[in-house]
*Asks:* 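The following block contains the structure, expressed as structure tokens.
Here the structure is a predicted model, which means the values were calculated and not measured.
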Amino acid sequence: MYVCDAHRHLGVLPAYPFYGGPPVNPDITARATIDELIADLDAERTDRALVIPNYGVPDVAVSFGFNELVVEAAARDDRIRAGLWVSPRPQDAELTAKALTLATEPGVRVLKLSFLLGGHPTDDAVRPQLDEIFATARTHGLVVHVHTSPGAASDIDHIGHLVETYADAVPLHLVHFGGGMSGHIKLIGSRFFDWIESGKQVYTDLSWAIGFAPGWLAAEIERRGIGHDRVLFASDQPWGDHAGELARMRAAMGDGELADQVFHRTFSHLYD
């Protein structure tokens, strides 16, 4: 069964002493080249992939430097769509402006940002950059991907401000569906469906989701009758595990209409 992967990374990061330990490379399956990426797609039987620069070390110039690589990948193989790394931080304004000049390149479908490396969704200092990023996305018909994880600036309580501010006009993809227990319960319990019912263009994937979340989300989609077209499969390679993510989502989504949406049709709607 071929699938579409709505969020994975390209590029090898330098070793970094995370959390006060020695320099390490935890993303051991990171790929440095387009050839390696294509080999992975072939081995996985991935039909389409949204590929984003790898990130996670404090030197944001590394991730910005991968933007040209993902654009080249999209130009080389029609299975690949590109996401550009951008930043809401004012100190990254020049790098973000350069990245946004690539927004019209063939195959570019996404602008990706995260607050893991600094900034806060409600901080006035990041608002000009956010406005520019979302305006570019609206002008060129792009989707904005935002990292979510419990606590700190990436918590769904804070990222929700972006949904309220921008998702009427721009599709906003909540990467990792909150990323853990509190985020999953807030989103599945009401917030995700409330946003959909209010007209927000909100999408998500369940990479990094903990055990109960995919099955509960599928059950709530069936019960409520909405949301089936807002969930995508994503491996988050190399930070995720393609085989594990795929097995979990197949088990939760079954083999009917919902699975077709999650693994194929919603990706095609957004990116093809």
Side-chain angles (χ1 to χ4, degrees), residues 1-13 25-55 66 69-84 105-110 112 142-143 145 147 171 173-177 179 203-211 213-215 217-218 221 227-272:
M1 173 184 175
Y2 286 90
V3 301
C4 298
D5 185 346
H7 188 100
R8 64 191 297 151
H9 300 277
L10 180 60
V12 172
L13 300 172
N25 293 96
D27 53 336
I28 61 172
T29 60
R31 303 308 189 202
T33 70
I34 299 169
D35 284 341
E36 291 173 314
L37 170 64
I38 290 173
D40 284 347
L41 300 184
D42 291 340
E44 298 161 359
R45 300 182 59 169
T46 296
D47 187 49
R48 294 281 191 278
L50 192 287
V51 180
I52 295 165
N54 202 2
Y55 76 101
F66 295 142
L69 181 62
V70 299
V71 170
E72 181 184 349
R76 179 169 160 186
D77 192 318
D78 188 55
R79 291 177 294 177
I80 298 171
R81 304 290 181 264
L84 302 174
E105 289 293 316
V108 172
R109 298 289 186 271
V110 160
K112 168 65 185 287
L142 307 180
V143 180
H145 279 215
H147 171 91
H173 180 125
L174 303 173
V175 178
H176 308 315
F177 199 58
Y203 295 83
T204 196
D205 68 77
L206 284 96
S207 58
W208 293 19
I210 60 177
L217 177 59
I221 288 171
H228 60 284
D229 56 349
R230 304 302 183 94
V231 181
L232 302 98
F233 167 72
S235 70
D236 195 35
Q237 285 285 138
W239 299 102
D241 162 34
H242 185 279
E245 299 285 359
L246 182 58
R248 179 174 50 183
M249 287 296 284
R250 280 180 170 166
M253 301 301 157
D255 57 4
E257 172 70 16
L258 180 57
D260 190 39
Q261 289 280 359
V262 169
F263 292 117
H264 298 282
R265 289 169 58 187
T266 302
F267 187 100
S268 294
H269 169 70
L270 288 177
Y271 303 128
D272 288 343

*Asks:* Looking at D42, I want to see if its CG is surrounded by more than 12 non-hydrogen atoms of other residues, nucleotides or ligands under 6.0 Å.
*Replies:* yes
*Asks:* If you measure from CG on N25 to OG1 on T29, what distance do you get to the nearest 0.5 Å?
*Replies:* 11.5 Å
*Asks:* The test is side chain to side chain contact (heavy atoms under 4.5 Å, CB included); show your working for Y203 and L270 and say whether it passes.
*Replies:* CA-CA 10 Å; Y203 295 83; L270 288 177; 3.8 Å; yes
*Asks:* Do R48 and L41 pass the side chain to side chain contact (heavy atoms under 4.5 Å, CB included) test, and can you show the C-alpha distance, the side-chain angles, and the key distance before you say yes or no?
*Replies:* CA-CA 8 Å; R48 294 281 191 278; L41 300 184; over 6 Å; no
*Asks:* Which heavy-atom pair separates L206 from R248 by the least distance, and what is that distance?
*Replies:* O-NH2, 3.5 Å
*Asks:* Taking atom types as modelled, find out whether D35 and T33 have a side-chain donor-acceptor pair closer than 3.5 angstrom.
*Replies:* no
*Asks:* So does I52 get a backbone contact from the side chain of H7, meaning a donor-acceptor N/O pair under 3.5 Å?
*Replies:* no
*Asks:* Does a donor on one side chain and an acceptor on the other come within less than 3.5 Å for H145 and H147?
*Replies:* no
*Asks:* Apply the test side chain to side chain contact (heavy atoms under 4.5 Å, CB included) to residues F263 and D47: give CA-CA distance (whole Å), side-chain angles for both, the deciding distance (0.1 Å), then the verdict.
*Replies:* CA-CA 10 Å; F263 292 117; D47 187 49; over 6 Å; no
*Asks:* At what distance, to the nearest 0.5 angstrom, does CG of L50 lie from CZ of F267?
*Replies:* 5.5 Å
*Asks:* I need the W208 CH2 to W239 CH2 distance, nearest 0.5 Å.
*Replies:* 8.0 Å
*Asks:* Salt bridge or not for D272 and R109, using N-O below 4.0 Å?
*Replies:* no
*Asks:* In this structure, which one of M249, R250, E257 forms a side-chain contact (heavy atoms from CB on, under 4.5 Å) with M253?
*Replies:* M249
*Asks:* List the steps and the verdict of side chain to side chain contact (heavy atoms under 4.5 Å, CB included) for V110 and H173.
*Replies:* CA-CA 9 Å; V110 160; H173 180 125; over 6 Å; no
*Asks:* Below 4.5 Å, heavy atoms only, C-beta onward: do F177 and V231 meet side chain to side chain?
*Replies:*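 Answer no - side chains too far apart.
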*Asks:* Going from CG on L84 to CG on L142, what distance comes out if it is rounded to the nearest 0.5 angstrom?
*Replies:*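 Reported value, rounded in 0.5 Å steps: 7.5 Å.
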*Asks:* Taking all heavy atoms of P53 and all of H9, pick out the closest pair and write down the distance.
*Replies:* O-ND1, 3.1 Å
*Asks:* Where is the tightest heavy-atom contact between E105 and V71, given as atom of each residue plus distance?
*Replies:*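 Nearest heavy atoms, E105 then V71: CB-CG1, 3.8 Å.
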*Asks:* With a 4.5 Å cut-off on side-chain heavy atoms, are V3 and E44 touching?
*Replies:*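 With C-beta onward as the side chain, the pair stays apart.
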*Asks:* Rounded to the nearest 0.5 Å, what's the gap from CG on D205 to CZ on F233? Could you check?
*Replies:*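 Interatomic distance, D205 CG to F233 CZ, rounded to 0.5 Å: 9.0 Å.
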*Asks:* Looking at F66 and N54, what are the two nearest heavy atoms and their distance?
*Replies:*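 In terms of heavy atoms, the two residues are closest at CD1-O, 3.7 Å.
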*Asks:* Testing the basics here: between I221 and G227, what is the closest heavy-atom pair and its distance to 0.1 Å?
*Replies:*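 Of all heavy-atom pairs spanning I221 and G227, the closest is CD1-O, 3.7 Å.
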*Asks:* For H242, is there any backbone N or O sitting under 3.5 Å from a side-chain donor or acceptor partner on Q237?
*Replies:* yes
*Asks:* Are the charged groups of R8 and E245 less than 4.0 angstrom apart, N to O?
*Replies:*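 No.
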*Asks:* What's the spacing between R230 CZ and H269 NE2 if we round to 0.5 Å?
*Replies:* 8.0 Å
*Asks:* How close do P106 and A74 get, heavy atom to heavy atom, and via which atoms?
*Replies:* O-CB, 4.2 Å
*Asks:* Donor-acceptor pair, distance only, cut-off 3.5 Å: does the side chain of D5 make one with the backbone of S235?
*Replies:* yes
